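What follows is a set of notes on a single structure, which appears directly below.
Source: prediction; values computed, not measured. Order of the sequence lines fixes the chain letters, A, B, ..., with proteins taken first and strands second; residue numbering starts at 1 for each chain.
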Protein chains: 2
Amino acid sequence: MAPQNMAPQNMAPQNMAESVATSPATLNRLSVYLRSLQTLLREGVKRISSQELADRFQLSPAQIRKDLARFGEFGVRGVGYDVADLAARLTALLGLDRRQRLLIVGVGNLGSALGRYLGFNDESFQVVAGVDSAPQLIGKRISGVPIEPYDDLQGVVERSGAEIAVLTVPAEAAQEAYGRLVDAGIRAILNFAPVSIVERPGVRLKNVDLRIHLEELTFFLAARG
Amino acid sequence: MAPQNMAPQNMAPQNMAESVATSPATLNRLSVYLRSLQTLLREGVKRISSQELADRFQLSPAQIRKDLARFGEFGVRGVGYDVADLAARLTALLGLDRRQRLLIVGVGNLGSALGRYLGFNDESFQVVAGVDSAPQLIGKRISGVPIEPYDDLQGVVERSGAEIAVLTVPAEAAQEAYGRLVDAGIRAILNFAPVSIVERPGVRLKNVDLRIHLEELTFFLAARG
DNA sequence: AGATGTGAATGAGTTCACAGCT
DNA sequence: AGCTGTGAACTCATTCACATCT
């Protein structure tokens, strides 16, 4: 009946600028490299080779070089990488050189804990607003900002200037909240609701399913006896 | 010179029983399939084909079949899968047919929120204990169980029978807590501390780095302008 | 000499397409 | 006729090994 599935899916992710197509795994490693470099910086290390970096932080030297090479030439042949310089360039590459404004959607236990955890004492992330549909939460505070009504999501996004939403609503509410956020002009969403969201173009979505991570562990416990 | 790298690395992961070598990605998909089936069960759907399942939940039919085939024959050719049967078999395969006992290590904002989130109203997971090194927290409760002193970790693990630890301590404390948990006989650890833990054999470790997930989003915001 | 950056080789994971069973 | 289970083809990712530069 149906004229077969012709969905173009996620082709052509309107990659602008030099935005090379990059896998999540690669990006995640860049974050790991940056964090490692920050540790080295605190220790006063000035220069490091991919080999040393790998030894020190359980990484692969070839992969470090390949990952970095994708975005430019960051090192000096025969010498290695300047720790401060590479850290600064990765910081910029990952967009962490300016403060990102977070909106917490669904300020229950998990939402408020994540807000505090991600925004607390952090240069790169700042919780600028929280919304919830429970009337008794309205007016209370999360990370110093007042909780506002979910119904006014659009207005909250506009007034706060939030660009990233942390979605911590119940599973049943996630798809509708997603749509509202996209409509409101949010540009990226970190979703903790355990559902597969039907996506709309133009907005980055990253799913973090905590239960699935736990289930990865129980599989091995079950397998062993 | 060197007689080449002969490290056996992670061969032969003492895979007992039928425990086939399985990637995290595959396991995570099994969790997704199970959750999808549970939704169908609630809707009263009795039978489903890989094609329908894929259409409904944004999955790949070929991948569903391949993933399942790795663990046995779950369907009937020409017919499809029995929803209840497949759900039951995946539940067993993932070790979710018995209740898993969780220990929260580090009962700050994130730890207590995760404890509630993962253990609340859940058949498969139950928070059986919490430990923290802050004296003022001792004796308080998390998800109905009292918070005990971190120093008595060994005793808490033994008395509670916890098999899985949720590690939500500060980054600096994570490696030492990991060691203590392994010594205490914990069999799996879900780590939220943003450090790369040096692992010891015999214990499953899964890292969940929330900041890294956020940074995956900011990369794209930065790349677009 | 020493370490990067990179094409080539290998390995892992996904999709295709069809044989085989109901 | 229909849908699973699966080898083969293909795509994506990692590792190797070396030419290249300081």
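Contacts of residues 34-50 of chain B with DNA chain D (heavy atom under 4.0 Å): B/S49, B/S50.
Atoms OH (B/Y81) and P (D/dG2) sit 18 Å apart, rounded to a whole Å. In this structure, CD of A/E73 is placed 10 Å from P of D/dC21, rounded to the nearest angstrom. In this structure, CZ of A/R70 is placed 12 Å from P of C/dT6, rounded to the nearest angstrom. The distance between atom CZ of B/R65 and atom P of D/dG2, rounded to the nearest whole Å, is 15 Å. For A/L68 and C/dA3, the CG to P distance is 16 Å, given to the nearest whole Å. Note: CD (B/Q51) to C1' (C/dC16) measures 13 Å, nearest angstrom. Atom-to-atom, CZ of B/F71 to P of D/dG5 comes out at 14 Å; the value is rounded to the nearest Å. Straight-line distance from the CD atom of A/E52 to the C1' atom of C/dT4: 13 Å, rounded to whole Å.
Closest to the side chain of A/S60, out of D/dT15, C/dT6, D/dT6, is D/dT15. Counting only heavy atoms from C-beta on, A/Q63 has its side chain closest to D/dT15 among D/dT4, D/dT15, C/dT15.
Atom-to-atom distance recorded for A/L27:CG and B/E215:CD is 10.0 Å, nearest 0.5 angstrom. Atom CG of residue B/L217 and atom CZ of residue A/R187 lie 11.5 Å apart, to the nearest 0.5 angstrom.
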Decide side chain to side chain contact (heavy atoms under 4.5 Å, CB included) for B/V105 and B/V166; before the verdict, give the C-alpha distance in whole Å, the side-chain angles of both, and the deciding distance to 0.1 Å. CA-CA 6 Å; B/V105 181; B/V166 175; over 6 Å; no
Run the numbers on B/L40 and B/L53 for side chain to side chain contact (heavy atoms under 4.5 Å, CB included), then give the verdict. CA-CA 9 Å; B/L40 293 173; B/L53 190 58; 3.8 Å; yes
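The one candidate from A/R99, A/R98, A/R204 that meets the salt bridge (charged side-chain N to carboxylate O under 4.0 Å, His left out) condition with A/E163 is A/R98.
The side chain of A/R29 contributes an N or O atom lying less than 4.0 Å from OP1 or OP2 of D/dT14.
Under the side chain to side chain donor-acceptor pair (under 3.5 Å) criterion, no residue pair touches residues 165-174 of chain B, with sequence neighbours excluded.
Among the protein residues, A/T26 comes within range of no part of the nucleic acid, since none of its heavy atoms lies under 4.0 Å from any strand.
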Using atom types as modelled, flag every donor-acceptor pair under 3.5 Å from a side chain in residues 72-94 of chain A to any protein atom, sequence neighbours excluded.
unit_1, atom_1, unit_2, atom_2, d
A/D82, OD1, A/A84, N, 3.2
A/D82, OD1, A/D85, N, 2.8
A/T91, OG1, A/A87, O, 2.7

Let me have the donor-acceptor pairs involving side chains of residues 117-131 of chain A, under 3.5 Å, with sequence neighbours excluded, atom names and distances please.
unit_1, atom_1, unit_2, atom_2, d
A/Y117, OH, B/F192, O, 3.3
A/D122, OD1, A/S124, N, 2.7
A/D122, OD1, A/F125, N, 3.2
A/D122, OD1, B/R211, NH1, 3.1
A/D122, OD2, B/R211, NH1, 2.2
A/S124, OG, A/L96, O, 3.3

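When the nearest nucleotides of DNA chain D are assigned to B/G80 and A/D67 by heavy-atom distance, the more 5′-ward of the two goes with B/G80.
Counting distance only, with no hydrogens placed and no angle test, the side-chain atoms of A/K66 and the base atoms of D/dT15 include a donor-acceptor pair under 3.5 Å.
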Between protein and nucleic acid, restricted to nucleotides 20-22 of chain C and to nitrogen or oxygen atoms under 3.5 Å apart, what atom pairs and distances do you find?
unit_1, atom_1, unit_2, atom_2, d
C/dT22, O4', B/R77, O, 3.0

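The salt bridge (charged side-chain N to carboxylate O under 4.0 Å, His left out) search around B/D209 returns A/R35, not counting sequence neighbours.
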